[in-house]
Amino acid sequence: MPSLSFLSTVGGMILFTWDCVLLTLQRKTKWHQVLDQIFQVGVRSLGLTVAAGLFVGAIMALQIDLQLKDFGAEAFLGGLSTSTTLRNIGPVLIAFLLSGKVGAYTSAELGTMEVTDQLNAIRLLGASPLEYIILPRIWAVVISSFLLLIVGLMVTIFGGIIFAEVIGVNSLNYIQNIPRIVTVWSIVLSVIKSFLFGAIIAVVSCYKGYHAKGGSVGVGIAVQSCAVTNLILIIITDFLLSMASSCLQDIFKVGYL
Amino acid sequence: MININKLCKSFDNRKILENISFSVVKGECVFILGKSGVGKSVLLKNIVGLVLPDSGTITVGEIKVDAQRPEELSLIRQRCGLVFQFPALLDSVTVFENICFGLRARGLLTSQVEIAARVKEKLKLVGLSEVVLDQMPTELSFGTQKRVSIARTLAVEPEYLLFDEPTTGMDPIATAGLNQLIKNLTVKLGVTSIVVSHDIKSALAVGTRIILLEDGGIVFDGKPGEFKSSSITLAQEFQMGFGYHA
Ligand SMILES: Nc1ncnc2c1ncn2[C@@H]1O[C@H](COP(=O)(O)OP(=O)(O)O)[C@@H](O)[C@H]1O
Ligand SMILES: [Mg+2]
């Protein structure tokens, strides 16, 4: 049953995360390796993230402008499009992009190491692959995905501003409208989402690669299943967080959460 | 001594090894032959606890292979080196770092001078020059990577050596050198070795005993001389080169 196997994957990933958290608390993380990996997986994705951010910002400005025009409410464009982008579309789309770029790279690399016995060699030589190979990658992917998401989200705001000018909305008006709708809470929510999405991409890609088996076919299966699992978990998490924020908004009556 | 008792292993309901039992005593050099996919690599991985049996027991020296006892398993892995079928070198570090990985991980040698001396000694044993030390594994040919992998296993000086197709992909000169090395280790240093191989010539020349696997079981277990005159079809096919699918 596919749903059962999905649940067992999630269970396995929770245990896997717990092992990594324990190792981190025992100060087993080799931070210079984390830096190396951040360069390997993170810095190389910067250009792509910036490009995507610009387009996402522009698309949102265009779409929302189309809707607002009918109500003659273009003055709200800056706030509405920035808010929707920061709170939802931006983190999800950029996380999808990173799960393709960073996630596929990491799961393929680890999967190849597993099926060619590189991880077994480490076990035999008296070290732990979890500590030596997995832990630095998990942290590198968490940190670089998080930073890339934050950078990407800031770029979406610029994308919106630039495109507003293109479609004839005064960019100063657009910028002035942003703080009317975008609250501190919108920003907090998007930072929390960015962190969780980064953590999901890291855990899923490392877990899938680490558990690959059966030659190059096995690596293919691991990468494919990594991509699907990432997308599903990101969507589910986005839904749960959006629900949680709207509940909190009702309870505390603090406007937009 | 390595003792394997009624070992059974299947993957996804497919039986790979069925009731395998044999012992290898100190100083023996046992060659294990069998067609591809018969489960030779799986057998070797069982001995060092990288694959766990469905039933049956394995002991290395006095210690039982038991995944529930990590300290003992680690001791077995230190005493019992396995050279994988793939070179399995770590791509991200140099050849030097690969060879001394086990020394560092186990804290066997602490002085940098001693570590460097040990690495160079083992590199020489496998017939490589020191030029490769600063290179990355991916810059080397497959045969050279394999020799580095053997040097890495030798570096921690195990009492038992398991080789998984050590000469596959090597040129004839390197093959002859490696056969000589395995013989020297066995005869001069009293190392006990199990060699999985397709190379019947090496088996007859170097091995003190040959075990032939077919359909999950042992179909021949005896001296090289007996193997030559064996009436078993697969044993004859191996010597004539028929039915051999690498
Ligand atoms: N981890 C694994 N999961 C599933 N099947 C495996 C695994 N390892 C080996 N096998 C299968 O077991 C059989 C024996 O493999 P192996 O021991 O590598 O053969 P060989 O005798 O060529 O070394 C093969 O059919 C292989 O596909
Ligand atoms: Mg094999």
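Letters go in sequence order (proteins before strands), and every chain restarts at 1.
Proximity to chain A at a heavy-atom threshold of 4.5 Å picks out nothing from residues 61-72 of chain B. Contact annotation for residues 83-102 of chain B against chain A (heavy-atom separation below 4.5 Å, listed by residue number): B/Phe84, B/Phe86, B/Ala88, B/Leu89, B/Leu90, B/Asp91, B/Val93, B/Phe101, B/Gly102. Using a 4.5 Å heavy-atom cut-off against chain B, the contacting residues of residues 115-126 of chain A are A/Val115, A/Thr116, A/Asp117, A/Gln118, A/Asn120, A/Ala121, A/Ile122, A/Arg123, A/Leu124, A/Leu125, A/Gly126.
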Under 3.5 Å, which donor-acceptor pairs link side chains of residues 89-101 of chain A to any protein atom two or more places apart or in another chain?
from	atom 1	to	atom 2	distance (Å)
A/Ser99	OG	A/Phe96	O	2.8

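Atom CZ of B/Phe142 sits in a crowded spot, with more than 12 heavy atoms from other residues, nucleotides or ligands closer than 6.0 Å. Remark: A/Phe195 CZ is loosely packed, at most 12 non-hydrogen atoms of other residues, nucleotides or ligands lying under 6.0 Å away. No more than 12 heavy atoms of other residues, nucleotides or ligands sit less than 6.0 Å from atom NZ of B/Lys124. More than 12 non-hydrogen atoms from other residues, nucleotides or ligands lie less than 6.0 angstrom from CG of B/Asn184. At most 12 heavy atoms of other shown residues, nucleotides or ligands fall within 6.0 angstrom of atom CZ in A/Phe55.
Both the backbone and the side chain of B/Arg152 come within less than 4.5 Å of a heavy atom in chain A.
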